[in-house]
There are 2 protein chains.
Amino acid sequence: MRILLIEDDPALGAAVRDQIAAEGHMPDLAPTLADASDFLATMPYDLILLDLGLPDGRGIDFLRALRAKGSATPVMILTAHDRITERIEGLNAGADDYMVKPFDLDELSARIAAVARRYAGNPNPLITLGTLEIDLAAHAIFGPDGQIDLSQREWIIFEALLQRPGQIVSKSQIEDQIYAFDSEVESNTIEVYVSRLRKKLGKDVVQTLRGLGYRLGTP
Amino acid sequence: MRILLIEDDPALGAAVRDQIAAEGHMPDLAPTLADASDFLATMPYDLILLDLGLPDGRGIDFLRALRAKGSATPVMILTAHDRITERIEGLNAGADDYMVKPFDLDELSARIAAVARRYAGNPNPLITLGTLEIDLAAHAIFGPDGQIDLSQREWIIFEALLQRPGQIVSKSQIEDQIYAFDSEVESNTIEVYVSRLRKKLGKDVVQTLRGLGYRLGTP
DNA sequence: CCTAGCCGTTCAGCTTGCTGTCAGCTAAAG
DNA sequence: CTTTAGCTGACAGCAAGCTGAACGGCTAGG
């Protein structure tokens, strides 16, 4: 993890830099906000550790400007300012955490790890299928031209195929997924839905095996 | 946000529950770990507030079991245990934050908001959505004609959508955010609120997917 | 204490998109 | 070539959803 430490106290700056380097992170140390701006203009960071009292300005204003510009970089505030109102102000300005000096370096490491855990990876694994990205839990599909919406019935059939990649899914298996136990259809409804899936997702998304059923394809 | 508070002290439990309810969250209070397990088996939660000293076990073990089962629900520890080694142990066990009693209720609220933003993947409380500027920390919305006020219910629904851009939020998920454990509605209340959001924020702010739910749009 | 306004909920009538059917065409298999 | 499984455009019905209005409870201000 690449970390920008904005801290004007040389002893504390060095101690924190050494601690996070020993944890395997890549630290850069900026003693002023101007230095910090230079670093940020050059390099993306995974985390910013921000002091509030700096020689060339207030850290809180820096954070506000960062957030106003749309930055999604996590920020932890490390500061001697320990009034509750200042803590709340910092958190509401967009900080992820707020530690009051003097703090324990091992606790700092544990809090950095907690922040990193939250931003690591995607809790929702996406399925990639040709030109499509699919989030099953969120009912979201993204194709080359943006988000694609399926109706409830279309989702059920598409999911049935997605869950059995490479296998043939017969029409009666699909009917079992859609309809209640004793209810049936008397027309070519399944064929119509497959046609609709092809129209929305691409003509190769479903393969037909005549007399047997359907199988997931690659659009 | 649906929040599970695991706290055996009745006075503190009630104070925290009332505070987070006043913020528009939906709290459930479990005085024991057994109660908490029952709640968690019944209902998905967005956040767990966990005391460490409980009558039927140690909160830290509960957290470890939760994480071992693969739970990604954010957990904040609220406890009188204030030794640094215990803080580090809690954070390393998978907690997202650690507050030592007695803590300020407003700071708790600010930290809950920070954890929620982190869980949604973006620590920045400032969001631009089409013609709207939204400050999640201040609960403020600015449109082309100035500030727009939402009622508490309206805000909860809007926030639920904001936290899941691109994803479908079902009506029952919205109900879980609004209503107490055993309370339900028998009419089209959610639809009415969505209609009001559209009236205030623009008709494209919410997209309907019939039979599935709603999704954030761009006004 | 009273009242106006706000908020959450319900209701009813209108709107709209999903679903299933149909018919004619296509394409695969024998 | 024939047969038939499958495909696709079009349409009608119905239920999911939308919105205006009303109601009742609560609260803040006079």
Side-chain angles (χ1 to χ4, degrees), chain A residues 139 141 147-161 168-180 182-217 219, chain B residues 18 21-26 139 147-161 168-180 182-217 219:
Chain A
H139 288 98
I141 305 181
Q147 192 155 16
I148 298 168
D149 296 328
L150 301 186
S151 72
Q152 197 167 32
R153 285 288 197 265
E154 290 161 356
W155 261 112
I156 292 169
I157 296 173
F158 188 48
E159 274 177 345
L161 297 173
I168 301 174
V169 184
S170 70
K171 276 189 211 138
S172 65
Q173 283 172 321
I174 293 176
E175 284 173 10
D176 289 344
Q177 304 262 65
I178 295 188
Y179 301 114
D182 276 337
S183 115
E184 291 180 349
V185 292
E186 304 285 346
S187 80
N188 64 335
T189 305
I190 305 295
E191 288 88 344
V192 170
Y193 278 118
V194 168
S195 177
R196 286 173 182 162
L197 279 178
R198 286 175 171 139
K199 193 162 191 171
K200 289 184 175 181
L201 301 177
K203 66 177 178 57
D204 297 319
V205 75
V206 188
Q207 297 170 340
T208 305
L209 298 98
R210 284 175 69 108
L212 295 173
Y214 298 103
R215 187 169 60 195
L216 190 67
Chain B
D18 292 346
E23 299 273 342
H25 304 301
M26 201 60 236
H139 284 198
Q147 187 156 11
I148 299 170
D149 296 323
L150 300 185
S151 73
Q152 190 168 62
R153 286 282 200 270
E154 289 160 355
W155 179 261
I156 292 168
I157 295 173
F158 186 50
E159 199 173 42
L161 297 173
I168 298 178
V169 183
S170 69
K171 276 188 209 135
S172 67
Q173 283 172 325
I174 293 175
E175 284 173 7
D176 287 344
Q177 307 267 29
I178 295 186
Y179 299 116
D182 277 334
S183 98
E184 288 180 355
V185 290
E186 304 287 345
S187 80
N188 64 336
T189 306
I190 305 294
E191 288 89 342
V192 171
Y193 280 120
V194 168
S195 179
R196 288 181 179 156
L197 279 178
R198 287 176 170 137
K199 196 161 189 172
K200 290 185 176 183
L201 301 177
K203 68 176 179 58
D204 297 320
V205 75
V206 187
Q207 296 170 339
T208 304
L209 296 103
R210 285 172 72 110
L212 295 170
Y214 298 104
R215 186 172 61 199
L216 191 66

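Just so it is clear: chains get the letters A, B, ... in the order the sequence lines come, proteins before strands, and each one is counted from 1.
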Each nucleotide in nucleotides 8-19 of chain C should get exactly one letter: B, S or -. Can you fill that in based on protein heavy atoms under 4.0 Å?
BBBBB---BBSB
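The structure places CD of A/Q173 at 10.0 Å from CG of A/L161, a figure rounded to the nearest 0.5 Å. In this structure, A/L201 CG and A/F158 CZ are separated by 5.0 Å, a value rounded to the nearest 0.5 Å.
Chain A approaches DNA chain D over the interval D/dT4 to D/dA10, counting the first and last nucleotide 5' to 3' with an atom under 4.0 Å from its heavy atoms.
Not counting sequence neighbours, B/E23 has no partner by the salt bridge (Lys or Arg N to Asp or Glu O under 4.0 Å) test. With sequence neighbours excluded, the residues that form a side-chain contact (heavy atoms from CB on, under 4.5 Å) with B/K171 are B/I190, B/E191, B/Y214. Taking the side-chain contact (heavy atoms from CB on, under 4.5 Å) definition, one finds that A/Q207 meets it with A/R215, sequence neighbours left out.
Straight-line distance from the CD atom of A/E175 to the P atom of C/dT21: 10 Å, rounded to whole Å. Nucleotide C/dA27 holds its C1' atom 14 Å from the NZ atom of A/K203, rounded to whole Å.
In this structure, B/I174 and B/Y193 have side chains that are not in contact, with every pair of non-hydrogen atoms separated by 4.5 Å or more. Contact annotation: the side chain of A/L197 approaches that of A/L150 to within less than 4.5 Å [non-hydrogen atoms, C-beta and beyond]. A/D149 is not listed as a side-chain neighbour of B/I168, based on a closest heavy-atom distance of 4.5 Å or more. Using a 4.5 Å heavy-atom threshold, the side chains of B/R198 and B/V206 count as touching.
Between A/E154 and A/R196 there is no salt bridge, since no side-chain N of the basic residue sits under 4.0 Å from a carboxylate O of the acidic one.
Note that the two end axes of the helix from C/dC1-D/dG30 to C/dG30-D/dC1 enclose an angle of 30°, each drawn from 5 base pairs, rounded to 10 degrees.
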